[in-house]
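Have a look at the structure below before the remarks.
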Amino acid sequence: MPEPPSNVFVLRGRVGVPELLHATREALLALHADPQCQPALDCSGVTSFTGDALLLLAWVCQQVREAGASLRLLDLPQVVLETIADRLIEATIPPELQHHVKAAMGDEAGDDRWRWGDSFSNN
């Protein structure tokens, strides 16, 4: 009898779209094979996400949620959480306007109001 598919898929290092596509594809295949499984992405070894990968991750999670399931993120390092806003700005705002957006967010003044801090739950 074959082993059941793993529900945990590992991401490591700097995660871009190709790495995220591979891991989410595997997670969704496991979910398709067993709708009762709870797939998760182990992010303990992630050093950063590209902005495009973050946008893709948000889209995938929304699609999975709309299908009535969930995709959990496990052990997302604090340093990665603290850079999410910066990566999203880089992915969505033209370079010539990025400094204006960061200034408006309080980034240049050391204001942490837009940082995730400890308010984020991985579950």
Side-chain angles (χ1 to χ4, degrees):
M1 186 168 187
E3 290 284 319
S6 171
N7 294 342
V8 178
F9 304 90
V10 178
L11 293 169
R12 296 275 183 253
R14 180 165 172 82
V15 177
V17 169
E19 297 85 5
L20 186 61
L21 280 174
H22 177 75
T24 55
R25 178 183 180 277
E26 295 299 315
L28 294 175
L29 286 173
L31 186 60
H32 181 72
D34 178 8
Q36 300 303 314
C37 86
Q38 295 182 340
L41 299 178
D42 176 357
C43 300
S44 61
V46 171
T47 56
S48 66
F49 282 95
T50 65
D52 289 340
L54 286 170
L55 293 171
L56 176 62
L57 180 60
W59 182 82
V60 167
C61 288
Q62 179 62 31
Q63 297 302 308
V64 170
R65 185 180 309 120
E66 286 180 9
S70 65
L71 177 63
R72 296 180 303 143
L73 303 179
L74 304 176
D75 301 322
L76 197 57
Q78 185 67 30
V79 68
V80 174
L81 292 173
E82 292 172 354
T83 62
I84 287 175
D86 294 332
R87 297 301 77 78
L88 290 175
I89 288 170
E90 291 168 4
T92 59
I93 306 296
E96 64 274 9
L97 299 176
Q98 290 177 10
H99 68 280
H100 295 295
V101 173
K102 289 180 181 182
M105 290 174 53
D107 188 49
E108 292 176 2
D111 183 353
D112 288 339
R113 64 188 165 140
W114 292 98
R115 299 292 179 203
W116 293 99
D118 294 327
S119 62
F120 183 81
S121 171
N122 290 336
N123 295 324

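Just so it is clear, the model here is predicted, and its values are computed rather than measured.
Under 3.5 Å, the side chains of Thr47 and Arg14 contain no donor-acceptor pair of N or O atoms.
With rounding to the nearest 0.5 angstrom, the CG atom of Leu41 is 11.5 Å from the CG atom of Asn7. Here Glu82 contributes atom CD and Arg87 contributes atom CZ; the two are 12.0 Å apart, rounded to the nearest 0.5 Å. To the nearest 0.5 Å, atoms CG (Leu74) and CZ (Phe9) are separated by 11.5 Å. Rounding to the nearest 0.5 angstrom, the gap separating the NE2 atom in His99 from the CD1 atom in Ile93 is 12.5 Å. Separation of atoms CG (Leu81) and CG (Leu76) is listed at 4.5 Å; rounding is to 0.5 Å.
What you find for Ser48 and Val80 is that their closest heavy atoms are N-CG2, 4.0 Å. Closest approach of Arg72 and Gln38 over heavy atoms only: NH2-O, 3.8 Å.
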Chi angles and distances behind the side chain to side chain contact (heavy atoms under 4.5 Å, CB included) call for Val15, Leu57: CA-CA 11 Å; Val15 177; Leu57 180 60; over 6 Å; no
Would you list the atom pairs, donor with acceptor, under 3.5 Å between side chains in residues 22-31 and any protein atom, with sequence neighbours excluded?
unit_1, atom_1, unit_2, atom_2, d
Thr24, OG1, Leu20, O, 2.8
Thr24, OG1, Leu21, O, 3.3

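Pairs passing the side-chain hydrogen bond (donor to acceptor under 3.5 Å, both in side chains) check and including a residue from residues 49-59, sequence neighbours excluded, do not occur.
At least one side-chain heavy atom of Leu11 sits less than 4.5 Å from a side-chain heavy atom of Phe49.
Residues that satisfy the side-chain contact (heavy atoms from CB on, under 4.5 Å) test with Ser44, not counting sequence neighbours, are Arg12, Asp42, Asp75.
The hydrophobic cluster containing Val10 does not contain Val17, counting ILVMFWY residues as joined when their side-chain heavy atoms lie under 4.5 angstrom apart, directly or transitively.
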